[in-house]
Amino acid sequence: MSDHPIGFVGLGAMGRPMAVNLAKSGQSLVVRDPNPTATDILVQRGATVADSVQAVANQAVVVLACMPSVAIAEQVVAEAAAGSAIKQFVNLGTTGSKFSQAAAAKLAEKGIAYLDAPISGGPPGAEAATLSIMCSGDKAAFEAARPALEVMSGKLTYLGEKVGAAQTMKLVNNIISFCNLVAASEAFTLGAKAGLDPEQMVEVVNASSGRNSATQDKIPKAVL
């Protein structure tokens, strides 16, 4: 890993376990989150806490951000752009391609490269470091961030330099995932109304061609 600290902004349900895995790998971190409980967990792993996003970007060359909304992500980009050390900004959130294009342009004015790196796998994947991370944007930024991204992922894919391409890929994945959930919910409702046992239905489907993320994860954990 790099001798320089990695910046990590946003220690929520996804960001916190991702940052913990980075710390476990031996990477030094400087982190920022308004929740002191979240930052305390990283301090216990050896991370340094910054009092602002700009303070993170004053120390870290590569800054990763995992934000819960576009509005917060816009604010983070604006603050990071004022940093004195940052050279690469990595957006781990699902924020859409229009945001990516605007963020990349804003950061380019300060000589900062932008990389999209939306994630899929949910909190369990974040904790297990098995996330799928799809990347697009500046190739040098990808190479700079690659060691950190590899620590957090089970599948890392670079989709090219077109800004926003990874956001579109994440949308493709989400559409399929949501359709699977809707179809599985309707099918299990049909079976339950016909008198089939829900747990047996899940067992059979997951050993058959109908299995998908909804039948393997969402329905067993959140419905049954």
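None of these values were measured; they are calculated from a predicted model. Numbering starts at 1 and runs along the sequence shown.
- With rounding to the nearest 0.5 angstrom, the NZ atom of Lys110 is 10.0 Å from the CG atom of Leu107.
- Put simply, CD1 on Ile112 and CG on Asp138 are 12.0 Å apart, with the number rounded to the nearest 0.5 Å.
- Under a hydrophobic-cluster definition in which Ile, Leu, Val, Met, Phe, Trp and Tyr are linked whenever side-chain heavy atoms come within less than 4.5 Å, directly or via other members, Met67 and Val53 are assigned to the same cluster.
- Tested against Ile133, the residues Ser120, Ser153, Pro118 include a single side chain to side chain contact (heavy atoms under 4.5 Å, CB included) partner, Ser153.
- Smallest separation of non-hydrogen atoms from Ala60 and Pro5: CB-O, 3.5 Å.
- In this structure, Ala50 and Val30 approach most closely via the heavy-atom pair CB-CG2, 3.9 Å.
- Ala13 approaches Pro123 most closely through the heavy-atom pair O-CB, 4.1 Å.
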Evaluation steps, side chain to side chain contact (heavy atoms under 4.5 Å, CB included), between Ile41 and Val20: CA-CA 8 Å; Ile41 291 171; Val20 166; 4.1 Å; yes
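- With rounding to the nearest 0.5 angstrom, the CE atom of Met152 is 4.0 Å from the CE atom of Met18.
- The aromatic rings of Phe99 and Tyr114 lie perpendicular to each other, with more than 60° between the two planes, well past the 30° mark.
- A 6.0 Å sphere centred on CD of Glu143 holds more than 12 heavy atoms belonging to other residues, nucleotides or ligands.
- Within the 4.5 Å cutoff, the side chain of Ser84 has no heavy atoms near those of the Gln59 side chain.
- When hydrophobic clusters are built by joining Ile, Leu, Val, Met, Phe, Trp and Tyr residues whose side-chain heavy atoms come closer than 4.5 Å, directly or via intermediates, Ile176 is not grouped with Leu171.
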For the pair Val49 and Arg32, evaluate side chain to side chain contact (heavy atoms under 4.5 Å, CB included) and give the outcome as yes or no after the intermediate values. CA-CA 6 Å; Val49 178; Arg32 168 63 185 160; 5.8 Å; no
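- Taking OH from Tyr158 and CZ from Arg146, the interatomic distance works out to 10.0 Å, rounded to the nearest 0.5 Å.
- To the nearest 0.5 Å, atom CG of residue Leu29 and atom OG1 of residue Thr48 are 8.5 Å apart.
- Using a 4.5 Å cut-off on side-chain heavy atoms (C-beta onward), Met134 and Leu159 make contact.
- Summarising the geometry of Gly12 relative to Asp33, their closest heavy-atom pair is N-OD2, 4.2 Å, with the distance given to 0.1 Å.
- Between Ser136 and Lys162, every side-chain heavy-atom pair lies at or beyond the 4.5 Å cut-off.
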Output, in order, the C-alpha distance, side-chain angles, deciding distance and verdict of side chain to side chain contact (heavy atoms under 4.5 Å, CB included) for Glu199 and Leu224. CA-CA 7 Å; Glu199 292 187 357; Leu224 296 186; 3.9 Å; yes
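- Residues Gln27 and Val151 have side chains not in contact (no heavy-atom distance under 4.5 Å, counting atoms from C-beta outward).
- Val90 places none of its side-chain heavy atoms less than 4.5 Å from the side chain of Cys135.
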Using side chain to side chain contact (heavy atoms under 4.5 Å, CB included), reason through Asn173 and Ser132 one step at a time and then give a plain yes or no. CA-CA 11 Å; Asn173 176 77; Ser132 170; over 6 Å; no
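- Placement of Leu149 and Val9 in two distinct hydrophobic clusters is found when ILVMFWY residues are connected by side-chain heavy-atom separations under 4.5 Å, directly or transitively.
- At a threshold of 4.5 Å between side-chain heavy atoms, the hydrophobic network of Ile, Leu, Val, Met, Phe, Trp and Tyr places Ile119 and Ile6 in one connected group.
- Heavy-atom minimum distance, Gly7 versus Val56: CA-CG1, 3.6 Å.
- Side-chain polar atoms of Asn206 and Thr215 form a donor-acceptor pair below 3.5 angstrom.
- Looking at Leu64, Leu115, Leu131 one by one, the single match for side chain to side chain contact (heavy atoms under 4.5 Å, CB included) with Leu92 turns out to be Leu64.
- No side-chain heavy atom of Val62 sits less than 4.5 Å from a side-chain heavy atom of Lys87.
- Using modelled atom types and a 3.5 Å distance limit, the side chains of Gln167 and Asp116 yield a donor-acceptor pair.
- Remark: Leu181 CG to Ser213 OG distance equals 7.5 Å, nearest 0.5 Å.
- Side chains of Leu42 and Arg16 form a contact here, defined as non-hydrogen atoms less than 4.5 Å apart.
- In plain terms, the two heavy atoms of Thr95 and Ser100 that are nearest each other are OG1-OG, 4.5 Å.
- Counted within 6.0 Å of NZ on Lys106, heavy atoms from surrounding residues, nucleotides or ligands total 12 or fewer; the atom is thus considered open.
- Side-chain contact check for Lys170 and Thr94: at least one donor-acceptor pair (N or O, by modelled atom type) lies under 3.5 Å.
- Counting heavy atoms from C-beta on, the side chains of Phe89 and Ile86 come closer than 4.5 Å.
- Following chains of ILVMFWY side-chain contacts shorter than 4.5 Å, one can reach Phe188 starting from Leu196, so the two form part of one hydrophobic cluster.
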